[in-house]
Amino acid sequence: MPELPEVETVRRDLAAALAGAVVAKVEASGARSIRRYPDPAPFAAALEGARLETFCRWGKYLLIGLDTQGVLVAHLRMSGQVLIAGSAAQPRPPHTHVVLDFEDGRQLRFVDPRTFGELFVTTPDLPELAGLGIDALAVDLPTFRGLLRSRRARLKPLLLDQRVVAGIGNIYSDEILWTARLRWYRRADHLRPVEVARLHGAIGSVLTSAVQHRGSSLGDAQYVDLQGRPGAYQERHAVYGREGGACVRCGHVIERTVVAQRSHFWCRGCQR
DNA sequence: AAGCACACCTGCTAGC
DNA sequence: TGCTAGCAGGTGTGCT
């Protein structure tokens, strides 16, 4: 589900809602959500009594800095949601696996039907995230050029590779390629300089616009924000999920093909 | 290095 | 109406 814009929306809302909040109690009933811990007690102990101080994001990882020098890391994978509740009395959604109780009575809930997501507490140097590429909203053009120079990978798998640039998933890779007017199978090291610049510009413009519209929620509403509300960027998708529709730029029919075992949506009329 | 197949899960939908 | 196959926003591993 969530890619960079959705995680960034959650990050901003968390910062506004929970800066300074102190964890009173942790309930971790879903073992898979804290799978790095053979036993839930150390996970709870790392959080109980801690004050939430900073709210950062790196790619699709949410990073909450604690006053204990620890960092709570969350990755939502396909179906994870972070929801805030005004009180413990508010009914819990199905598949609520981890609950943080705050001193003021509010709760933060980690809900995840497919249980691919996870939470853990680590040190500020984030050893578990070694190898993750530069954040997609932080990469400048010269750096991006350098990243592509020696890569023989095709553009779609390259954009999805979190070791190169972090934060882009299946929806936004298609929107970025359409915006840059490039086909998925172009090789990174064969792009002309003007095409590299277009791709870099498209990463910035698509992700920034998606953040402004609070991310994309598809029909099954797996992605919702902290308050359970959907995003609005899906209304602006040019290609993703629009198979058979008309390209808003050139009028050709949007096609769907399978690339790297994922659905890929594109326009043969204006993507080269 | 790159690409593929598959694994991890549940839920929803399209098609029979 | 009821069943089943296929599909889903992500990543990790193991194999060519």
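Labels below follow one simple rule: chain letters A, B, ... track the order of the sequence lines, proteins then strands, and each chain is numbered from 1. Any value given below was found using the heavy atoms of this structure, including those in side chains, with hydrogens, waters and symmetry copies removed.
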**OP:** Provide, to the nearest angstrom, the distance between the CH2 atom belonging to A:W58 and the P atom belonging to C:dT11.
**Re:** 13 Å

**OP:** Give a yes/no on whether any side-chain N or O of A:S263 is located under 4.0 angstrom from OP1 or OP2 of C:dA8.
**Re:** yes

Original post:
Now, which nucleotide makes the Watson-Crick or G-U wobble pair with B:dC9, with each of the two distances under 3.5 Å?
Top reply: none

Original post:
A:Y172 vs A:H237 aromatic rings, parallel, tilted or perpendicular, using cut-offs 30° and 60°?
Top reply: perpendicular

Original post:
Taking atom P of C:dT11 as reference, at what distance in whole Å does atom CG of A:L4 sit?
Top reply: 11 Å

Original post:
Using the P atom in both, what is the distance from B:dA5 to C:dG6, to the nearest Å?
Top reply: 16 Å

Original post:
Which value, in whole Å, describes the distance between the P atoms of nucleotides B:dC9 and C:dC3?
Top reply: 25 Å

**OP:** For A:H75 and C:dT11, give me the distance from atom NE2 to atom C1', rounded to whole Å.
**Re:** 7 Å

Original post:
Taking the side chain of A:R151 as heavy atoms from C-beta outward, which of B:dA2, B:dG3, C:dT11 is closest to it?
Top reply: B:dA2

Subject >> Nearest heavy-atom neighbours spanning A:L158 and A:A188 >> reply: CD1-CB, 4.2 Å

Subject >> Distance below 4.0 Å between A:R262 side-chain N/O and C:dG9 OP1 or OP2 >> reply: yes

Original post:
Looking only at atom types and distance, does a side-chain atom of A:R152 sit under 3.5 Å from a main-chain N or O of A:H190, one as donor and one as acceptor?
Top reply: no

Original post:
With sugar-phosphate meaning primed atoms plus P, OP1 and OP2, does A:Q261 contact a base, only sugar-phosphate, or nothing at under 4.0 Å between heavy atoms?
Top reply: base

Original post:
What is the distance, rounded to the nearest whole Å, between atom OH of A:Y185 and atom P of B:dG3?
Top reply: 15 Å

Original post:
So among A:H97, A:H75, A:R36, which one has a side chain to side chain donor-acceptor pair (under 3.5 Å) with A:E118?
Top reply: A:R36

Original post:
Given that both distances must come in under 3.5 Å, which nucleotide forms a Watson-Crick or G-U wobble pair with C:dC15?
Top reply: B:dG3

Original post:
Nearest-Å distance, CH2 (A:W184) to P (B:dG3)?
Top reply: 8 Å

Original post:
Taking the six-membered ring for Trp, are A:F265 and A:Y240 parallel (under 30°), tilted (30 to 60°) or perpendicular (over 60°)?
Top reply: perpendicular

**OP:** Using whole Å, report how far CG of A:D112 lies from P of C:dA8.
**Re:** 18 Å

Subject >> Whole angstrom value for the distance that separates P of C:dA8 from CD of A:E6 >> reply: 17 Å

Subject >> Side-chain N or O of A:K60 closer than 4.0 Å to phosphate OP1/OP2 of C:dT11 >> reply: yes

**OP:** Report which part of the nucleic acid A:R187 touches: base, sugar-phosphate, or nothing (heavy-atom distance under 4.0 Å, all strands).
**Re:** nothing

Original post:
Taking protein heavy atoms under 4.0 Å as touching, what does nucleotides 8-13 of chain B look like 5' to 3' if B marks base contact, S marks sugar-phosphate-only contact and - marks none?
Top reply: BBBS--

Subject >> Sugar-phosphate only, base, or nothing, as touched by A:Y172 at under 4.0 Å among non-hydrogen atoms >> reply: nothing

Original post:
Would one find more than 12 heavy atoms of other residues, nucleotides or ligands at under 6.0 Å from atom CD of A:Q69?
Top reply: no

**OP:** Rounded to the nearest angstrom, tell me the gap between atom CD1 in A:I171 and atom P in C:dG10.
**Re:** 7 Å

Subject >> Residue that, paired with A:L4, satisfies side-chain contact (heavy atoms from CB on, under 4.5 Å) out of A:L137, A:I168, A:V206 >> reply: A:L137

Original post:
Taking the P atom of each, how far is B:dC12 from C:dT11, in whole Å?
Top reply: 23 Å

Original post:
Of the options A:T179, A:V194, A:I176, which is the one that meets A:L199 in a side-chain contact (heavy atoms from CB on, under 4.5 Å)?
Top reply: A:I176

